[in-house]
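Just below is one structure, and these are the notes that go with it.
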Amino acid sequence: MRGNLYILSAPSGAGKTTLLQHLLRSFKELKFSVSYTTRQARNGEQNGVDYFFTDRPTFLSMVDRGEFLEWAEFNGELYGTAQAFVEEHAGAGRDVVLDIDVQGARQVKSKIKNAIAIFILPPSFAELERRLKARRLEPDDVIRRRLEIAKSEITFYREYDYIIINDVLENSIRILESIVRSGAAAPWRHQGRIEEIIASFGGIA
Ligand code: ADP
Ligand code: 5GP
């Protein structure tokens, strides 16, 4: 039995971190894949919890050794998902959630067909701008750059299995939780059990 792989992507500021925190509180057995990145830690971010913060040469040597399931450059920095972590947990039947950008999502979907990709959209551009400013994490020029990137990111929505328009937070949380609950009923999550049941019927007629 393999665990499900959930991919969560969104333009920066759409509310992905907020939704992910709720999801991880509701589903204690979900494993969050901590990515590697070359970007600087922001205030309050912890190494090994939010990201594994690393330098460019170390990251690139991991690329050379084939240690990433996917990796991409975002806003001049490198980000990647450790293959070993995903394999260890999904291989043991545990569900894994990835917080990755649209380039990474495309790579994972091409390698793992059953991955369940969810895209979070803000209700409008103006609201995205308002949220980024209200968060007060970055200077204006960084916010402007993130808004520019968002304009191209949203065009990738068609490659996702689910879209959540994050307007009223409580509704979005409910939708995200429903997606993860439905994922538990996917056939590949129950392969061993299904085979036992079919065997108890004397096999397939
Ligand atoms: P992301 O991880 O996508 O960059 P965050 O989760 O940090 O975004 O959210 C950006 C800001 O928007 C935060 O201040 C957060 O509290 C707020 N926010 C998230 N979801 C909503 C929502 N549905 N309505 C209003 N504000 C929201
Ligand atoms: P931030 O710098 O705001 O934490 O993240 C910037 C973007 O990088 C977000 O879209 C986030 O989802 C994405 N990201 C984080 N980790 C990874 C990863 O491992 N791979 C890829 N491709 N993108 C990532």
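Counting starts at 1 for both ligands and their atoms, in listed order. Because the structure is predicted, anything quoted here is derived from the model rather than measured.
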Verdict with reasoning, Q107 to Q103, per side-chain hydrogen bond (donor to acceptor under 3.5 Å, both in side chains): CA-CA 7 Å; Q107 294 173 50; Q103 308 169 75; 5.9 Å; no
Location of contacts on R106 toward ligand 2, heavy atoms closer than 4.0 Å: neither
Worked verdict on R145 versus N75 for side-chain hydrogen bond (donor to acceptor under 3.5 Å, both in side chains): CA-CA 8 Å; R145 220 166 36 242; N75 201 16; 2.7 Å; yes
K16 bridged to D99 by N-O distance under 4.0 Å: yes
Lys/Arg-Asp/Glu bridge criterion (N-O < 4.0 Å) met for E159, R106: yes
Side-chain donor or acceptor of H89 paired with backbone N/O of A84 under 3.5 Å: no
Exam field: side chain R131 to backbone A14, donor-acceptor pair closer than 3.5 Å: yes
Under 3.5 Å: donor-acceptor pair, side chain of E45, backbone of R42: yes
Ligand 2 to Y79 polar contact by distance, N or O atoms, under 3.5 Å: yes
R146: numbered ligand 2 atoms lying under 4.0 Å from its heavy atoms: 2 (O), 3 (O)
Heavy atom of the protein closest to atom 16 (N) of ligand 2 (residue, atom name, distance): S35 OG, 3.1 Å
Selected option - heavy-atom contact closest to atom 22 (N) of ligand 2, from I100, V108, D101: D101
Contact check: Y36 vs ligand 2, nitrogen or oxygen atoms, below 3.5 angstrom: no
Within-cut-off N or O pair, G80 and ligand 2, under 3.5 Å: yes
Contacting atoms of ligand 2, where contact means under 4.0 angstrom from a heavy atom of D99: 11 (C), 12 (O), 14 (N), 15 (C), 16 (N), 17 (C), 24 (C)
Closest approach of any protein heavy atom to atom 5 (O) of ligand 2, naming residue and atom: Y51 OH, 3.3 Å
Which atom of N4 lies closest to which atom of A186, heavy atoms considered: OD1-CB, 4.5 Å
Numbering as shown, the atoms of ligand 2 that approach A72 to under 4.0 Å (heavy-atom distance): 22 (N)
Those protein residues which place at least one heavy atom below 4.0 Å from ligand 1: P11, S12, G13, A14, G15, K16, T17, T18, R131, R135, N166, D167, L169
Selected option - heavy-atom contact closest to atom 3 (O) of ligand 2, from R42, R39, Q40: R42
Shortest protein contact, atom 20 (N) of ligand 2 (heavy atom only): E70 OE2, 2.7 Å
Within one Ile-Leu-Val-Met-Phe-Trp-Tyr cluster: I7 and Y162, side-chain cutoff 4.5 Å: no
F74 contact mode with ligand 2 (heavy-atom cut-off under 4.0 Å): side chain
Atom 9 (C) of ligand 2: the protein heavy-atom neighbour that sits closest, reported with distance to 0.1 Å: K16 NZ, 3.7 Å
Which atom of P11 lies closest to which atom of I154, heavy atoms considered: CG-CG2, 3.8 Å
Among T58, T37, V34, side-chain contact (heavy atoms from CB on, under 4.5 Å) partner for F52: V34
Numbered atoms and elements of ligand 2 in range of G104, under 4.0 angstrom, heavy atoms: 22 (N)
Ring centers of F119, Y157 separated by less than 6.0 Å: no
Option passing side-chain contact (heavy atoms from CB on, under 4.5 Å) with V96 (candidates F85, F32, Y6): F85
